[in-house]
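The structure under discussion appears below in the form of structure tokens.
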2 protein chains.
Amino acid sequence: MVRSTLADVARGAGVSVASVSRVLNGLPASIATRDRVREVAHSLGYAPDLAARSLKIRRTEQISVVIDDLANPAYVSMMQGAEAVLRDAGYRIQFSSIGSDSDLGLGTALHAVSRGYADGLIICPLRMNSELVETLRHAPIPVVVIGGLPRGTAIDNVVTDSRLGVNLAMDHLHQLGRRRIAFIDGPLGTNPGDRRLEGYRSAVERLGLPDEDGLRRLTTEFSYAKGAAAAADLIVNSQFDALLAANDMMAIGAMHAIARAGLRVPHRVAVVGIDDSEMCLYSSPPLTSVSLGSRHRGKIAARLLLRRLARPDAPIKRVREAPRLVARDSTSARDFTGADDSTSARDSTGARAKRRGQT
Amino acid sequence: MVRSTLADVARGAGVSVASVSRVLNGLPASIATRDRVREVAHSLGYAPDLAARSLKIRRTEQISVVIDDLANPAYVSMMQGAEAVLRDAGYRIQFSSIGSDSDLGLGTALHAVSRGYADGLIICPLRMNSELVETLRHAPIPVVVIGGLPRGTAIDNVVTDSRLGVNLAMDHLHQLGRRRIAFIDGPLGTNPGDRRLEGYRSAVERLGLPDEDGLRRLTTEFSYAKGAAAAADLIVNSQFDALLAANDMMAIGAMHAIARAGLRVPHRVAVVGIDDSEMCLYSSPPLTSVSLGSRHRGKIAARLLLRRLARPDAPIKRVREAPRLVARDSTSARDFTGADDSTSARDSTGARAKRRGQT
DNA sequence: CTGAAAGCGCTTACAG
DNA sequence: CTGAAAGCGCTTACAG
């Protein structure tokens with residue numbers, strides 16, 4: 001844990017700091033110098049001070065990736081997508097989770113990130129307000145946003161159309177004969193929360209489905225627990241034959257509540273999530289979900305950033321990622337028996353009794 | 001994106017750079033100076049260059065947290081635990097995922113992290129070899145390891161006893177009357193992979209359970225997919241009434257394969273995972289798992305690091321986190337019908353036929 | 001309260 | 001090929 005500097009190595013090797021720097025950066029040097037410097041550097045456990053290096057070369061060779069919620073696999077996929085591209089380009093990646101709860105967190109994280117520790121920033125904010133937009137517009141390093149921006153904002157971004165995504169899900173459920181489609185959303189005021197509610201509303205109108213407050217639930221978080229609680233509440237207070245949740249975590253939470261209530265998926269209630277996370281393949285039943293190409297959006301964001309880094313004055317670019325429905329067993333059509341479902345009613349009773357005994 | 005410096009602000013405000021620095025760092029200054037500096041700084045969108053600041057103050061006010069696999073919720077919990085503590089202490093947190101696949105990744109990530117961009121490092125490596133130990137021992141900043149270290153290594157660390165954890169799981173299954181307990185492990189050569197296999201072996205011997213190669217599977221990754229594949233293989237080639245997977249992701253993958261094969265959990269096969277991730281609550285059925293206190297280990301690691309930062313010469317400390325079994329429906333005892341299980345055999349057939357039609 | 005100056009540890013023209 | 005020197009943008013004693 002003792003820090004040695006270039007000067008220490010230079011002294012040890014009997015050369016100038018310039019020579020040490022050259023050797024360590026692979027620039028031409030005599031073999032004798034090179035060997036001696038390397039030997040001394042190694043024996044001293046020398047590691048360059050990156051802050052000093054960055055200060056001099058005006059680059060950190062790092063990119064910051066900032067997301068809201070590390071526990072959400074969709075964000076993790078984005079980060080992994082971005083990482084793959086950036087790593088290939090020779091950048092190190094630093095992740096920061098800003099924590100959707102605290103605007104405070106966002107402020108400090110952005111501050112940290114925007115200067116001195118990164119050459120560029122990829123950010124996928126849950127909430128996009130005008131203050132954040134201004135902060136990003138004036139950032140001292142190139143920024144790419146994953147998510148929507150006010151029309152005309154001069155920031156590269158990659159967007160998806162989650163309104164459309166929700167409509168794909170609604171069409172799918174509608175085609176399966178489902179009519180009373182409940183919707184569990186995340187918090188309003190967030191980008192996904194707002195867009196997905198819009199999507200639900202437009203689909204309900206377009207398809208002529210029942211438009212009832214009782215079929216909608218807003219939660220305070222895109223989490224398993226909130227999805228489960230909202231679904232439990234829906235089950236008690238509402239009648240529905242399908243359920244769309246605004247992300248996969250909530251959908252899986254909801255399936256849990258549905259199973260606890262003794263209702264079968266998809267027979268009694270078809271369930272659809274959003275994000276098409278890997279876990280959709282392994283839930284029981286496997287979860288139909290709307291892919292918003294999280295990993296790909298991460299990759300695209302990284303490419304946009306590399307482009308901006310290479311050409312700072314390139315025209316602003318916005319890339320769209322199309323949503324896509326991925327159907328799985330949670331909306332398998334074959335067993336839907338309509339509203340009058342005596343089979344699942346019987347199942348229901350049995351399962352309820354069983355649960356009661358266990359918990 | 002235009003970068004202004006302290007000197008720009010000083011010029012604009014008609015004061016020295018020293019005064020600007022003082023104002024911006026909250027040191028005493030006349031009200032007139034303070035207001036003018038702040039105004040100019042704001043209008044210039046000034047943000048301090050953190051590399052320069054770090055170089056001068058010899059601190060970055062950042063901590064690096066390095067994990068192997070961002071997709072694994074256990075690691076995410078650790079990071080979140082560490083983050084909570086470090087944030088309270090005024091540090092910014094930078095996450096890096098080293099990617100278990102490439103030793104290359106580990107090298108560069110460590111290099112990046114070890115000097116200049118962080119004041120300390122928390123690392124939870126999947127593989128702990130002597131080279132890594134040496135690297136960490138000679139790191140220029142304090143290091144805390146989450147995971148085992150060779151006896152006597154002079155690095156603070158927090159460990160859990162996953163051998164014991166596995167034994168708790170085995171005891172639990174044994175008490176439920178299960179005797180043919182299959183085990184799906186991650187790769188050998190990894191810390192958890194090795195320890196958990198040891199645990200399984202010792203439990204099998206201690207409990208007098210059948211010790212057959214056919215009941216064990218090694219995978220190349222602690223993932224959903226590998227867990228599912230290993231379980232599918234076990235189902236075809238082996239007889240078992242319980243299954244322990246070396247982490248929750250593999251356990252959930254395995255439950256998926258078991259469901260596909262038409263076998264019911266826990267009636268026919270009881271399943272246990274390790275890590276007690278949040279998703280265990282929401283899987284279907286909810287998954288019994290061994291908690292290794294991931295979040296808490298993250299917190300403890302952060303506290304150890306803060307202690308080391310405050311007292312560089314404090315004695316080396318190792319903290320143990322005890323494993324704990326959390327029983328849920330995937331090992332519910334009530335429905336176990338023993339090896340001769342005609343009910344689940346019938347289920348099996350029906351489910352198989354159904355799947356075939358769908359995929 | 002304020003400014004001039006030194007210096008953190010590097011890199012990089014510039015001479016030689 | 002090599003060294004002396006300047007300078008990246010800050011902070012901080014040190015004088016005044």
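A note on names: the letters A, B, ... follow the listed sequences, proteins ahead of strands, and every chain is numbered from 1. The figures that follow rest on heavy atoms only: side chains count, while hydrogens, waters and symmetry mates do not. All figures in this text were calculated on a predicted structure; none of them were measured in a lab.
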Quick check on A/E134: does its CD atom have over 12 non-hydrogen neighbours (other residues, nucleotides or ligands) under 6.0 Å away?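 Count over threshold, so yes.
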Within the supplied structure, the quantity of interest is the number of heavy atoms (other residues, nucleotides, ligands) at a distance under 6.0 Å from B/R318 CZ; does it exceed 12?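 Enclosed.
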What's the [atom1]-[atom2] distance between [X] and [N], to the nearest Å?
X	N	atom1	atom2	value
A/I57	D/dG9	CD1	P	13 Å
B/R22	D/dC10	CZ	C1'	13 Å
B/K56	D/dC10	NZ	P	13 Å
B/L27	C/dT2	CG	P	12 Å
B/R58	D/dC10	CZ	P	16 Å
B/D49	D/dT11	CG	P	10 Å

Can you find a side chain N or O atom of B/S54 that sits less than 4.0 Å from OP1 or OP2 on C/dC8?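 Answer is no, no contact under 4.0 Å.
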Please determine if a side-chain N or O atom of A/R59 lies less than 4.0 Å away from the OP1 or OP2 oxygen of C/dT11.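 No, A/R59 has no side-chain N/O under 4.0 Å of OP1/OP2 on C/dT11.
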Go through DNA chain C and write down every stem, that is, every run of at least three consecutive Watson-Crick or G-U wobble pairs with distances under 3.5 Å, as range with range.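 Stems found: C:1-3 with D:14-16, C:5-12 with D:5-12, C:14-16 with D:1-3.
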Contact class for [X] vs. all strands (heavy atom < 4.0 Å): base, sugar-phosphate, or nothing?
X	answer
B/L6	base
B/S19	sugar-phosphate
B/A29	sugar-phosphate

Do NZ/NE/NH1/NH2 and the carboxylate oxygens of B/D8 and B/R11 come within less than 4.0 Å?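 Yes.
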Ion pair A/R36/A/E39, N-O distance below 4.0 Å: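 Judged by the 4.0 Å cut-off on N to carboxylate O distance, A/R36 and A/E39 do not form a salt bridge.
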Nearest-neighbour nucleotide for the B/V17 side chain, C/dG3, C/dG9, D/dT11 considered: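 Ranking C/dG3, C/dG9, D/dT11 by closest atom to the B/V17 side chain puts D/dT11 first.
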Nearest to the side chain of A/S16, heavy atoms from C-beta on, is which of D/dG3, C/dC8, C/dT11?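 Ranking D/dG3, C/dC8, C/dT11 by closest atom to the A/S16 side chain puts D/dG3 first.
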Test B/D68 against B/T190 for side-chain contact (heavy atoms from CB on, under 4.5 Å), laying out the working first. CA-CA 11 Å; B/D68 248 273; B/T190 64; over 6 Å; no
